[in-house]
Amino acid sequence: MLEIILTVAGLIVGGGVAFGAQKIKQNGTVAKSDKIIADAQNKASEIILKASDKAKKEADDLRREVKNQENAVAEREHKLLNKIDELDKRAEKLRNSEVELEKIKDEVRAIRNNQQEKLEKIAKLTKDEAAEKLMAMTERDVRNDLVGLVGKLQREAEDSAEQKAEMIIVTAMERMASDVTTERTVTAVALPDEDMKGRIIGKEGRNIQALQKATGVDILVDDTPGMIVLSSFDPVRRQVARMSLEMLMKDGRIHPARIEEVVAKAQVQIDKEIIRAGEDAAREVGVVGIPPEMLRLLGELKFRTSYGQNVLQHSKEMAQIAGSIAEEIGADVRITKIATLLHDVGKAVTHRIEGKHHHIGAELARKYGMDDRIVHAIEAHHDDIEATTPEAIIVRVCDALSAARPGARNISAENFVERMRELENVAVSFDGIDKAYAISAGREVRVIVRPEKVDDLSAIKLSRDIANKIESTMQYPGTIKVNVIRETRAVEYAK
């Protein structure tokens, strides 16, 4: 800084000298130039002196500021060292306390072991034996109380819950008007005469090959009089094939070109019928806002059956019951109705997508942006996923009601007998069972236990265990009542 000031002063002096020389040349007077030079030198000296004082002052301020900062740093360092010392002392105290605490624990353990040994000597029992005796005494004392309490709670729950549930279900079924019918998907087509078989087969089989290629359905022509059988996993294709055959037989012209034309017309008509069936079902149930893709899949259920029960009729019937139940218990009626109506929609594509129909239906509902509560109710209407909402539980209940009512499903005698036998085998697989009978068409399993092996409290637990095993190992519609019977008979003869 000082060098800069001196340089500026030199420039000023030089400028003054130059200026004085110029004046000398102009005026030609040496005296005046000397005076000018002297004045310039005086001014330069004053400027240099002032600059020097100012630089010295700035340097003093800077040294003073650095000194203050050094003092502050030293003070902080001193405080930090003090804190470190304090922490070291506290850590040492904690280590000493831990050692003392461990010693105290060892002393307590030793005292406890000593007291336990003394107690065992006095009682002549080990710890495990004493615990076992205490548990046996406690169980004996409270067994009768527990049996009475369990029975009381069960009766109270049944009295309050059964009455309300009965009213809700009866009200729901009373409001519903639906014929008890059993529908089947048509898989056979009646022929007007036996000559029609030859015309359908065609020369060298070209007509039947064209029909199978256009519809994707296997056409079976056998010795059955007046009938041909359609075979396909896709019920919509079977319906298209059925309609195409009926149109061809009615028209009378059967050749490959005509077959392709008729199949195309039948496909258009079936598509319209599917869309109309889905829209009519939603309108009949009284819900709106279902995506068109889901309505189409719903309409396809018109041609699908489960155990002889038409799936679309089953879904509509369920939705009517579910709406009434949801209204009675305060659940969301719209969510419940939509979920119930669409609960089996996955069955429309099970022949194309692998997996369980309720998982497929939930994925489809999720794909088309439906409410999460609807998705959950569809996915949880079977037992592999827990139902966590009232709407999902209602769907489960209505599914069981609709499937289990008389005449809803056709089950062969062989399947019925097998299910009865399986029910009895599940029951007798537990210890202490004397006999087991499946009664009421499989709605109840009656179990008779040996009274010397199963007491009252164990009988209650046994009924719950049998019910849990039935739920986890068997497939059945509705509910099954497990009735465990324990009785003691004393017989003596007077001689």
Side-chain angles (χ1 to χ4, degrees), residues 161-181 277-291 294-295 297-299 301-302 304 306-307 309-348 357-362 364-366 368 370-409 476-479:
E162 185 176 350
Q163 183 179 3
K164 188 172 182 180
E166 188 178 76
M167 287 300 300
I168 292 173
I169 294 173
V170 169
T171 303
M173 297 181 74
E174 183 183 17
R175 294 182 188 176
M176 211 197 75
S178 176
D179 295 332
V180 180
T181 58
E279 293 175 349
D280 290 346
R283 190 180 305 111
E284 182 178 340
V285 173
V287 294
V288 295
I290 300 177
M294 296 296 286
L295 283 178
L297 293 173
L298 179 64
L301 297 180
K302 179 180 179 180
R304 176 70 184 258
S306 177
Y307 296 100
Q309 184 181 28
N310 183 270
V311 179
L312 183 58
Q313 290 295 334
H314 164 64
S315 300
K316 291 192 293 184
E317 180 180 82
M318 278 181 58
Q320 297 285 7
I321 300 174
S324 298
I325 295 176
E327 186 176 354
E328 290 288 343
I329 68 174
D332 192 312
V333 176
R334 178 178 176 275
I335 294 295
T336 305
K337 281 189 173 183
I338 294 177
T340 312
L341 187 64
L342 300 178
H343 79 288
D344 273 345
V345 76
K347 289 184 177 179
H357 70 276
H358 49 292
H359 296 315
I360 297 172
L364 291 170
R366 191 178 291 112
Y368 295 118
M370 303 197 73
D371 193 291
D372 289 339
R373 291 173 292 175
I374 297 175
V375 174
H376 172 67
I378 293 174
E379 193 167 21
H381 80 270
H382 285 304
D383 293 333
D384 54 348
I385 291 179
E386 183 181 0
T388 58
T389 63
E391 293 79 11
I393 296 174
I394 292 173
V395 173
R396 276 193 181 185
V397 171
C398 294
D399 190 26
L401 284 173
S402 177
R405 65 174 172 77
R409 293 185 172 185
Y476 54 90
T479 58

Correct closest heavy-atom pair for Leu312 and Ala281 would be CD1-CB, 4.0 Å
Residues which pass side-chain hydrogen bond (donor to acceptor under 3.5 Å, both in side chains) with Glu284, listed by chain and number, not counting sequence neighbours: Lys316
Enter the distance from Leu301:CG to Ser315:OG here, rounded to the nearest 0.5 Å. 5.5 Å
For Ala392 against His376, the heavy-atom pair lying closest together: CB-CD2, 3.7 Å
About how many Å separate CD of Gln313 and NZ of Lys302, when rounded to the nearest 0.5 Å? 9.0 Å
Check side-chain contact (heavy atoms from CB on, under 4.5 Å) between Asp280 and all other residues, then give those that pass, not counting sequence neighbours. Arg276, Arg283
Nearest-0.5 Å distance, CD of residue Glu317 to NE2 of residue His314: 8.0 Å
Checking Ala331 now: which residues fulfil side-chain contact (heavy atoms from CB on, under 4.5 Å) with it, not counting sequence neighbours? Ala326, Ile329, Thr336, Pro390, Glu391, Ile394
Just one of Ile378, Leu342, Leu297 clears the side chain to side chain contact (heavy atoms under 4.5 Å, CB included) bar with Leu364, so which one? Leu297
Thr389 OG1 to Ile335 CD1 distance, which is reported to the nearest 0.5 Å: 9.5 Å
For residues Ile338 and Met370, determine if any side-chain heavy atom of one lies less than 4.5 Å from a side-chain heavy atom of the other. yes
Determine the minimum heavy-atom distance between Met294 and Val345, stating which atoms define it. CE-CG1, 3.8 Å
Contacts of Ile393 meeting side-chain contact (heavy atoms from CB on, under 4.5 Å) (sequence neighbours excluded), chain-then-number -> Ala387, Val397
Please find the pair of heavy atoms, one from Asp332 and one from Arg373, that lie closest to each other, and give the distance. OD2-NH1, 3.5 Å
Among residues at least two apart in sequence or on other chains, which ones pass side-chain contact (heavy atoms from CB on, under 4.5 Å) with Val375? Ala362, Ala365, Arg366
Which residues pass the ring pair (Phe, Tyr, Trp, His ring centres under 6.0 Å) test with His381, not counting sequence neighbours? His343, His357, His358
Contact summary for Ile385 and Glu379, nearest pair of heavy atoms: CD1-CG, 3.3 Å
